[in-house]
Participant: 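Got a structure here, written out as structure tokens. Questions coming.
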Number of protein chains: 2
Amino acid sequence: MNTDQLFKNINKHISLSAVEESHIRSLLAEKHLSRNDYILKQGEACPFIYFVNSGLLRAFFLNPSGKDNTVMFALRDWWITDMHCFLNGLPAMVNIQAVKPCHVLCLSKASLDSLFEDIPKFNRFFRILMQNAYCREQLRMIQNLSLPAKDRYEGFLTKYPQIANMVTLKQIASYLGITPEFLSSIRNQKKGK
Amino acid sequence: MNTDQLFKNINKHISLSAVEESHIRSLLAEKHLSRNDYILKQGEACPFIYFVNSGLLRAFFLNPSGKDNTVMFALRDWWITDMHCFLNGLPAMVNIQAVKPCHVLCLSKASLDSLFEDIPKFNRFFRILMQNAYCREQLRMIQNLSLPAKDRYEGFLTKYPQIANMVTLKQIASYLGITPEFLSSIRNQKKGK
DNA sequence: GAAAAAAAATAAGATAGTTTAAGAATTGAA
DNA sequence: TTCAATTCTTAAACTATCTTATTTTTTTTC
């Protein structure tokens with residue numbers, strides 16, 4: 001199991017001893033996903049948080065009438081889960097699916113809780129993770145509220161150029177909260193200029 | 001300085017000794033705000049996080065063309081700041097203004113950092129605060145993307161009935177990302193039924 | 001490398017939400 | 001208590017975005 005990327009990620013914020021690292025390693029499972037595989041489905045239990053070693057995942061919500069809304073993408077070096085349901089032991093609200101073949105490391109809720117107890121500074125690490133996630137989400141909210149679709153699209157291209165290159169127009173539209181047809185027409189306008 | 005509410009808030013997640021409580025108390029300042037007073041203005045420094053002892057605050061973003069978007073409200077027992085700018089020492093992106101007269105406790109970034117060092121379990125407390133904030137924001141994002149304005153309005157009334165009673169229609173519209181005129185017409189439709 | 005499947009483009013008609021503007025109702029400050 | 005300011009309502013014209021349907025292009029699979 002390759003955990004280099006993971007510990008590079010964690011050590012950005014706290015420093016772990018070799019013993020602590022190997023303790024964490026003992027709590028992890030790994031999973032290889034093919035394109036389109038699901039690691040989480042709406043309505044099912046959500047006992048894991050995933051660290052992305054490689055590949056690209058997409059979390060999305062299907063509303064009762066089948067409309068697809070992308071909650072987030074996760075590239076290499078990102079953490080992903082349905083946080084609310086993971087933390088509170090609730091059935092998942094969102095689906096998480098591999099957009100590209102993925103290699104992920106899985107940490108269960110029980111293991112995470114044990115880390116908070118056994119390695120107290122892990123609280124600090126996760127606090128920073130949550131701070132960043134909250135700020136990112138808040139910024140997205142401000143932009144969704146204050147900008148028209150075209151500007152949101154340009155913001156997305158600037159902020160996540162790698163992701164923009166790996167996902168379909170449909171998935172970008174679903175992230176921006178517009179229809180693929182409308183995004184297609186936005187692209188077309190831009191070309192015109 | 002009345003800190004009962006504050007420690008009730010903190011002790012929901014960690015338990016503090018009397019010594020720790022009085023240490024925290026020594027780091028706090030308090031502030032009384034009249035209606036419409038600002039505790040934060042876009043572009044200015046954002047060195048504090050505020051705990052609301054009483055009253056009601058609103059954080060909002062004014063885009064270049066003057067459109068007002070409400071980022072959050074904060075009632076008694078809530079924490080509020082421009083989190084991204086507070087944590088990273090950046091000029092504020094949002095304004096925070098008293099909707100009703102307020103009594104708030106102020107904690108500086110430097111004091112918060114010192115708490116993370118001196119009372120390590122404070123990391124746990126703040127982690128949980130950030131988890132909740134992130135999940136709340138994510139849920140709001142899903143609803144904004146997947147629901148029409150009328151449903152978002154009903155969701156707001158159900159989730160925050162107290163706030164709905166204390167703020168203007170204009171401010172609710174600004175939170176929902178629609179114009180006051182359109183919210184007024186939604187209200188009118190509902191009355192019709 | 002060809003057939004099948006999925007994605008993207010295009011276009012016309014429909015709708016949710018905005019803009020502007022004016023009058024009615026509330027609210028706040030003196 | 002009154003007056004000025006703000007907020008709320010209403011309505012018509014307008015626009016961004018959606019829906020539906022068809023065609024073209026790209027991708028996947030056998």
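Proteins get letters first, then strands, A, B, ... in listed order; numbering begins at 1 in each. Worth saying up front: this structure is predicted, and the values here are computed from it rather than measured.
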Participant: Any donor and acceptor pair, going by atom type alone, linking the side chain of A:Thr81 with main-chain N or O of A:Phe48 inside 3.5 Å?
Facilitator: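 The answer is yes, because a donor-acceptor pair under 3.5 Å joins these two groups.
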Participant: Using the six-membered ring of A:Phe126, assess whether NZ or CZ of B:Arg124 lies under 6.0 Å from its centre and within 45 degrees of the ring axis.
Facilitator: no
Participant: Would you kindly give the CG-to-P distance between A:Asn188 and C:dA12, to the nearest whole Å?
Facilitator: 14 Å
Participant: Are there over 12 heavy-atom neighbours, none belonging to A:Glu44, within less than 6.0 Å of that residue's CD?
Facilitator: yes
Participant: Expressed as a whole number of angstroms, how long is the span from A:Lys170:NZ to C:dA9:C1'?
Facilitator: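 Computing the A:Lys170:NZ to C:dA9:C1' distance gives 14 Å.
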Participant: Report the distance from atom CD1 of A:Ile172 to atom P of C:dA7, rounded to the nearest whole Å.
Facilitator: 13 Å
Participant: Rounding to a whole Å, what distance do you find between B:Leu169:CG and D:dT9:C1'?
Facilitator: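 Rounding to the nearest Å, CG of B:Leu169 and C1' of D:dT9 are 9 Å apart.
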Participant: Polar pairs (N or O, both sides) under 3.5 Å between protein and nucleotides 23-28 of chain C?
Facilitator:
none

Participant: Whether the side chain of A:Glu20 engages the backbone of A:Ser17 through a donor-acceptor N/O pair (distance < 3.5 Å, no angle test) should be reported.
Facilitator: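 Side chain of A:Glu20 to backbone of A:Ser17: a pair is present.
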Participant: Let me confirm one number: the CG-NE2 distance from B:Leu28 to B:His23, rounded to the nearest 0.5 Å.
Facilitator: 10.0 Å
Participant: What is the separation between atom CG on B:Asn144 and atom P on D:dT17, rounded to the nearest whole Å?
Facilitator: 15 Å
Participant: Sorted by first residue and then second, give each ring pair (Phe, Tyr, Trp, His ring centres under 6.0 Å) pair with at least one member in residues 156-188 of chain B; sequence neighbours left out.
Facilitator: B:Phe73-B:Tyr175, B:Phe156-B:Tyr160, B:Phe156-B:Tyr175
Participant: Nearest whole Å is fine: how far is D:dT17 P from A:Gln189 CD?
Facilitator: 9 Å
Participant: For nucleotides 15-21 of chain C, which of its nitrogen or oxygen atoms have a protein nitrogen or oxygen under 3.5 Å away, and what is each distance?
Facilitator:
unit_1	atom_1	unit_2	atom_2	d
C:dG17	OP1	B:Ala149	N	3.4
C:dT18	OP2	B:Thr179	N	3.0
C:dT18	OP2	B:Thr179	OG1	3.1

Participant: Write down the distance between CD (A:Gln97) and C1' (C:dA6), rounded to a whole number of angstrom.
Facilitator: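 Interatomic distance, CD of A:Gln97 to C1' of C:dA6: 14 Å.
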Participant: For the residue pair B:Arg136 and A:Tyr134, confirm or rule out a side-chain donor-acceptor distance under 3.5 Å.
Facilitator: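 B:Arg136 vs A:Tyr134: no donor-acceptor pair found between side chains.
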Participant: Ignoring hydrogens and geometry beyond distance, is a side-chain donor-acceptor pair present between B:Ser108 and B:Ser111 at under 3.5 Å?
Facilitator: yes
Participant: Can you tell me if B:Asn69 and B:Ser174 form a side-chain donor-acceptor pair at under 3.5 Å?
Facilitator: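 Side chains of B:Asn69 and B:Ser174: no pair found under 3.5 Å.
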Participant: If you look at every strand shown and take non-hydrogen atoms under 4.0 Å, does A:Thr168 touch a base, only sugar-phosphate, or nothing?
Facilitator: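 If one applies the 4.0 Å heavy-atom cut-off, A:Thr168 turns out to touch the sugar-phosphate alone, with no base involved.
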